[in-house]
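As the structure is a computational prediction, the values presented were derived from the model and not from experiment. Atoms within each ligand, like the ligands themselves, are counted from 1 in listed order.
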Amino acid sequence: MRAIVVNTPGGSAALEPAEIPDPVPGPGEVLVDVAASGVNFIDVYHREGRYPLPVPFVPGSEGAGTVTAVGEGVSDVVVGDRVGWAQVLGSYAAKAVIPAEQTIVLPSGVSPDLAAAVLLQGLTAHYLTHSTYAVRQGDDVLVHAAAGGMGLLLTQIAKLRGARVIGTVSTPEKEKLARQAGADEVIGYEDFADEVKKITGGGAHVVYDGVGAATFDGSLTSLRPRGMLALYGAASGAVPPFDPQRLNAAGSVFLTRPSLTHYVADREELLWRAGDVLGWVASGALKVHVSQRYPLAEARRAHDDLEARRTTGKLLLIP
Ligand SMILES: NC(=O)c1ccc[n+]([C@@H]2O[C@H](COP(=O)([O-])OP(=O)(O)OC[C@H]3O[C@@H](n4cnc5c(N)ncnc54)[C@H](OP(=O)(O)O)[C@@H]3O)[C@@H](O)[C@H]2O)c1
């Protein structure tokens, strides 16, 4: 089958198109013909070796397609089912073996293409807005990189929960997209903490920060007393070590560094979050903005574009 393989971690050249043997589903697993694989920032961290993995490996953590075979002991997923998944390595490929426990059977009205575009980031936006900090009606919410894959979903879901959303973006095109997603105020990164304080009159209840090093200090000072900084990523680089006393100085604020793994602790939690997200997609309450589809063999270009901040919304690889 066609796949992308990483033999030596590094820059985007580490993503090598290759022909490799078809995977075979073991007990509890299913084989899927992949319709689309989602591109995520974590794929960059895996590729670079920032999150080290044994080599060689097929990168990619998200996708969707049609089940073509099931392993021993699988009863709740059958051949022909359309399924999606998040957090299963090996998704940049024409076929993937997925633990049945990790599959999400797609409701009618959600194509595999859409599922591959929304699952990983949608589950993340769901736990951030429902569990890490449960957004309430009237809350002031700051979303960084509001036109990105995560940002557009966070903005929409925070709006569904009744928040006032302030988004940061780097270009006028991104500003337009963030506004279309429902952001009430869209600002640049320069002096954003002052802007947020001015708009809210006291600071944000929560800051969702996936940008990391470049925004961390401003994110802390954007909070109102007892607000929460959910530092959920590091697109601009890792945040250096810091003194907890700064949380006191910022107003007894909370800092958390959450990860999807710990918020889909079991199948029940996965199905709850996925059910909400795919339900909103099917009803039209949540719009998924797929900005670019790349042939699988051009995974390098997708990573280059993502890392250079040239993208908006979601990127897909099509095998
Ligand atoms: N913890 C979790 O559970 C979890 C799960 C999924 C994703 N994430 C994290 O969420 C973040 C966003 O992921 P995504 O896939 O949706 O990407 P994305 O937001 O579509 O792309 C990254 C965006 O970050 C902004 N950015 C600011 N400074 C940057 C820099 N120096 N380099 C690159 N980008 C920069 C850019 O938007 P502007 O040009 O508007 O600034 C860029 O478009 C990542 O940090 C990722 O690791 C975390």
Side-chain angles (χ1 to χ4, degrees), residues 12 37-48 50-51 59-62 86-88 91 116-133 142-157 166-179 181 183 186-190 192 207-219 229-239 255-265 269-270 273 277 288-292 299 302-317:
S12 61
S37 320
V39 177
N40 291 284
F41 237 94
I42 194 165
D43 308 341
V44 173
Y45 308 149
H46 286 152
R47 187 205 76 211
E48 288 174 334
R50 210 189 304 182
Y51 295 173
S61 302
E62 173 184 43
Q87 298 201 101
V88 183
S91 303
V118 77
L119 273 173
L120 194 148
Q121 291 166 344
L123 293 169
T124 304
H126 189 284
Y127 85 69
L128 287 169
T129 51
H130 289 64
S131 305
T132 304
Y133 176 91
L142 174 61
V143 175
H144 284 303
M150 279 299 308
L152 288 174
L153 298 175
L154 274 172
T155 298
Q156 292 178 79
I157 297 173
I166 304 166
T168 54
V169 296
S170 65
T171 69
E173 184 213 349
K174 290 184 177 188
E175 174 177 353
K176 198 167 150 201
L177 280 170
R179 285 194 194 282
V186 184
I187 60 179
Y189 289 93
E190 206 183 334
F192 70 84
V207 178
Y208 294 117
D209 187 343
V211 172
T215 44
F216 181 76
D217 289 346
S219 292
L229 169 52
L231 177 70
Y232 69 94
S236 68
V239 174
L255 169 67
T256 180
R257 175 60 181 88
S259 175
L260 178 57
T261 314
H262 308 118
Y263 283 92
V264 286
E269 194 166 29
L270 174 66
R273 298 195 194 282
V277 170
V288 184
H289 176 70
V290 179
S291 67
Q292 258 165 300
H303 277 216
D304 288 342
D305 289 346
L306 183 65
E307 288 177 85
R309 302 170 78 166
R310 284 193 287 267
T311 64
T312 57
K314 188 70 187 182
L315 313 181
L316 290 178
L317 299 179

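- The single protein non-hydrogen atom nearest to atom 37 (O) of ligand 1 is Lys174 NZ, 3.5 Å, given as residue, atom name and distance.
- The protein heavy atom nearest to atom 18 (P) of ligand 1 is Gly149 N, 3.8 Å.
- Between the CG atom in Asn40 and the NE2 atom in His303 there is a gap of 9.0 Å [rounded to 0.5 Å].
- When the options Glu307, Met150, Gln87 are ranked by their closest heavy atom to atom 7 (C) of ligand 1, first place goes to Met150.
- Ranking protein heavy atoms by distance to atom 40 (O) of ligand 1, first place goes to Ser170 N, 3.2 Å.
- A 4.5 Å side-chain heavy-atom check between Tyr232 and Met150 finds at least one atom pair inside the cut-off.
- With a 4.0 Å cut-off on non-hydrogen atoms, His262 does not touch ligand 1 at all.
- With a 4.0 Å heavy-atom cut-off, ligand 1 is reached by no atom of Val39.
- Taking each of Arg310, Arg309, Glu173 in turn, the one with a heavy atom nearest to atom 29 (C) of ligand 1 proves to be Arg309.
- In summary, the side chains of Tyr189 and Thr215 do not present any donor paired with an acceptor at a separation below 3.5 Å, with no hydrogens or angles considered.
- In the candidate list Tyr51, Tyr127, Tyr208, Tyr127 is nearest to atom 3 (O) of ligand 1, counting heavy atoms.
- Residue contact check for ligand 1: Ala214 places no non-hydrogen atom closer than 4.0 Å to it.
- Side chain of Ser61 to backbone of Val88: no donor-acceptor contact under 3.5 angstrom is found.
- Considering backbone and side-chain atoms together, Val169 places no N or O closer than 3.5 Å to any N or O of ligand 1.
- Of the N and O atoms on the side chains of Thr261 and Gln87, at least one donor lies less than 3.5 Å from an acceptor on the other residue.
- Tyr232 O, 2.9 Å is the protein heavy atom nearest to atom 48 (C) of ligand 1.
- Looking only at heavy atoms of the protein, atom 25 (C) of ligand 1 is closest to Ala145 CB, 3.7 Å.
- Closest to atom 45 (O) of ligand 1 among all protein heavy atoms lies Gly210 O, 2.8 Å.
- Of the heavy atoms in Ala147, none comes closer than 4.0 Å to ligand 1.
- Between the side chains of Ser12 and Asp304, a donor-acceptor pair is found at a separation under 3.5 Å.
- Looking at Ala308 against ligand 1, nothing comes within 4.0 Å, counting heavy atoms.
- Looking at atom 14 (P) of ligand 1, its nearest protein heavy atom turns out to be Gln121 NE2, 3.5 Å.
- Within the 4.0 Å heavy-atom criterion, the part of Thr124 lying near ligand 1 is the side chain and not the backbone.
- Between Gly233 and ligand 1, no pair of N/O atoms sits closer than 3.5 Å.
- At the top of the distance list for atom 19 (O) of ligand 1, counting protein heavy atoms only, stands Gly148 CA, 3.6 Å.
- Of all the heavy atoms of Tyr45, the ones lying under 4.0 Å from any atom of ligand 1 belong exclusively to the side chain.
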